[in-house]
2 protein chains.
Amino acid sequence: MPKTPARMAAKSVPPSTITLKHVAERAGVSPITVSRVINTPDAVSETLRDKVTEAIDALGYVPNRVAGALASAKSRVVPIIVPSLSNIVFLEVIQGAQDVLNAAGYQLLLGDTQFDLEREQALANTLLGWSPAGMIIAGLRHTDRTRAMLKTWHRPVVEVMEYGTKPIDMNVGLSHYKAGDSMGEHLVARGYRNIAFIGCRMKVDYRAMQRFKGLERCLKRHDLPCRPPFSHDEMSSAELGGDALMRALDLDKSLDAIFFANDDLAIGAILRAQREGIAVPKRIAIAGFNGLNLGALMQPALTTIVSPRQRIGQIAATKLLARILGQQSGAATVDVGFSLRAGGST
Amino acid sequence: MPKTPARMAAKSVPPSTITLKHVAERAGVSPITVSRVINTPDAVSETLRDKVTEAIDALGYVPNRVAGALASAKSRVVPIIVPSLSNIVFLEVIQGAQDVLNAAGYQLLLGDTQFDLEREQALANTLLGWSPAGMIIAGLRHTDRTRAMLKTWHRPVVEVMEYGTKPIDMNVGLSHYKAGDSMGEHLVARGYRNIAFIGCRMKVDYRAMQRFKGLERCLKRHDLPCRPPFSHDEMSSAELGGDALMRALDLDKSLDAIFFANDDLAIGAILRAQREGIAVPKRIAIAGFNGLNLGALMQPALTTIVSPRQRIGQIAATKLLARILGQQSGAATVDVGFSLRAGGST
DNA sequence: CTGAAAGCGCTTACAG
DNA sequence: CTGAAAGCGCTTACAG
């Protein structure tokens, strides 16, 4: 023991940080009992529990989560890794998860990969250093190392957004392929024959590509022409949607419908059509994906596919919690489905 | 020492978790040296550094952040506390902060208060248990205990969103009062005389109330009538904006302009006016606040006040980092200002 | 530039 | 139901 450890607080002044020990001393019990009152109150007699509670309040004790996490090798933290924070879609999932996890005393640790799987791997690796209780991660596509790392981790992991078989552990999402197919069916049923798909950054936004593939299957089934998707390099935005509409109409006069990869683009297209005096859906039908409320207020109302994003976050968090607490968590995979909301735009 | 500690790994099998010690053994150095290579590489000779780096890579060592945080009493985590995650405004601040902090190896810990200051206090208290390196918190209004707690904490704190004097520590934001006044001046200059303010949950969303107060001051200065604000209990949404517009026109036929507390409401109002055939701005002028890009695509384009939300997050994070690293962080308070974007809607 | 010792504030796994 | 001992995996503050 060093002669005068700098860390040793002078006995006469009140300690700068209140620890379990201080609470224990004041309550006249052992530190362990205090720990139990905090973590498993039912395991302590009412008498002691009251004494300890009094001491905690009197001293304003705040448990050191870091020490607890180190000793128990787990923390009440759950990382959520998403491709991007600028996309409303991921935010709603985060929101849903936050509601459930916060209520249960868990904190979300935020990570975004910028749609880069290598970055995702590095991030997951770092975040594991926090001994999280579980993890929520967007998508079913990861590097092999990320998959291996999370598989051998032996803590609950939920992959969210798209639905698929063989997740790392659990999965909550919907089939973007089927969603694309459904929208195709809708457009064909309404009589459109020359249908294009317009998206953004589809090399990395592979879920948008899946929606296109679904559309493609549908068009082939109906022996209709299938054009390759237009994929812009910029990020999705309403403004880009308007520009893309104009360019598409210019390049291919025969188009009678456009399925945009998301509502932002589609809403921008409708607004632009309004300004340019292009009749929707008479000259060109416009459809989106996501089911933003705003779409329903457009003139004409946007036809879109509604996905329950907040529910995805809630279900994911609920299943994660159940597993963390050792309870029944239900099926490993959940297809939350989607619904097509038909409006006047198609 | 217990006879057979359950935690002791059998010597023959590879350890389930790689620690500093394993790396040190493999590299033939002491654990401290490994720690130095990770945290202060310049303090280690190149020879040892290479050996250690090799060992880290070979073993796939991931530093246990929790242990590091406990030993050093600080972690590379920064909580960001906002009123709500459903509001785009806070998300953009989070995004800005995330970009800067992630790049520097810090993780954001997410907290939302649901606009409840008691909840904010409890949350801040809990999050302090993570020994964060600093904290970002929305708003300048907190409970006295929250303020006291953060003041005595002696780590950097940045309050964001609104600008004001006497922050807890640092502050980055804009004057919502001035913004309201500016919009008032704009409306008056364009000839409007009967101006109303419509917001949502203004008891808790006090920044919206500040914008109203700014408008009020302006109207008084011009000897114009000032109506009390309409404040709806529901959350802001485009749909509500449309409904609010109709109700306001119905209740007060003399209105010639409405300043909505945010663009969501204002955009909804413009879309509703379109559907109802109400001429904007001829019958009623409409203005918003936030500067969403979408507003510029409306017909007519929405007059609004642009606030640099992402920049607020970036500046806040940058100043926080500077202080964490013991560098110059510049002025304690930063007024990021705002600009009025006049469109055809007024 | 490098290392041996002690400790951060909790919880685990016993034992009673 | 309660507690004494040990340890979680790092870093701090010395000393050399």
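Convention: sequence-line order gives letters A, B, ...; per-chain numbering from 1.
- For A:Leu70, whose side chain is taken as the heavy atoms from C-beta onward, the closest listed nucleotide among D:dC8, D:dG3, D:dT11 is D:dC8.
- The side chain of A:Ala67 has C:dG9 as its nearest neighbour among C:dG7, C:dG9, D:dA13.
- Note on B:Asn39: a side-chain N or O is less than 4.0 Å away from OP1 or OP2 of D:dT11.
- Between D:dG9 and B:Thr17, a contact under 4.0 Å exists linking OP1 or OP2 to a side-chain N or O.
- If you check distances only, the side chain of B:Arg65 never reaches the base of D:dG9 with a donor-acceptor pair under 3.5 Å.
- In this structure a side-chain-to-backbone donor-acceptor pair under 3.5 Å is missing from B:Gln314 to B:Val100.
- For the pair B:Leu128 CG and C:dG9 C1', the computed distance is 16 Å after rounding to whole Å.
- Listed candidates were C:dA13, C:dC10, D:dC10. Nearest to the side chain of A:Arg36 is C:dA13.
- OP1 and OP2 of C:dT2 both lie 4.0 Å or more from every side-chain N or O belonging to B:Thr33.
- Looking only at distances, no side-chain donor or acceptor of A:Arg76 sits under 3.5 Å from a matching main-chain atom of A:Arg65.
- One atom, CD1 of B:Ile38, and another, P of D:dT11, lie 7 Å apart when rounded to the nearest Å.
- In summary, A:Glu54 and A:Arg26 engage in a salt bridge, as defined by a charged side-chain N under 4.0 Å from a carboxylate O.
- A straight line from CG of B:Asn64 to P of D:dG9 spans 7 Å, rounded to a whole angstrom.
- We find that CD1 of A:Ile18 is positioned 16 Å from C1' of C:dC8, with the value rounded to whole Å.
- In this entry the distance linking NE2 of A:His22 with P of C:dC8 reads 10 Å, nearest Å.
- For B:Gly28 and A:Leu20, each mapped to the nucleotide of DNA chain C holding its nearest heavy atom, the one lying further toward the 5' end belongs to B:Gly28.
- Residue B:Ser35 places at least one side-chain N or O under 4.0 Å from the OP1 or OP2 atom of D:dT11.
- Results of the salt bridge (charged side-chain N to carboxylate O under 4.0 Å, His left out) test with B:Asp169 over B:Arg323, B:Arg155, B:Lys151 single out B:Arg323 as the only residue that passes.
- Distance, B:Glu25 CD to D:dC10 P: 13 Å, rounded to whole Å.
- In this structure, A:Lys21 places its NZ atom 15 Å from C1' of D:dG3, rounding to the nearest Å.
- A:His142 and A:Gln121 are not linked by any side-chain donor-acceptor pair at a separation below 3.5 angstrom, with hydrogens and angles left out of the test.
- Checking D:dC1 for Watson-Crick or G-U wobble geometry (two distances, each under 3.5 Å) identifies C:dG16 as its partner.
- Of the side-chain N and O atoms in A:Ser30, one or more sit less than 4.0 angstrom from OP1 or OP2 of D:dG3.
- Between B:Met170 and B:Pro156, the closest side-chain pair of non-hydrogen atoms falls below 4.5 Å.
- In this structure, of D:dT2, C:dT2, C:dG3, it is C:dG3 that holds the atom nearest to the side chain of B:Ile32.
- Picking from D:dC10, D:dC1, C:dC10 the nucleotide with the shortest atom distance to the side chain of B:Ala71 gives D:dC10.
- Regarding contacts with the backbone of D:dC10, a side-chain N or O of B:Tyr61 is found under 4.0 angstrom from either OP1 or OP2.
- Note on A:Ser45: a side-chain N or O is less than 4.0 Å away from OP1 or OP2 of D:dT2.
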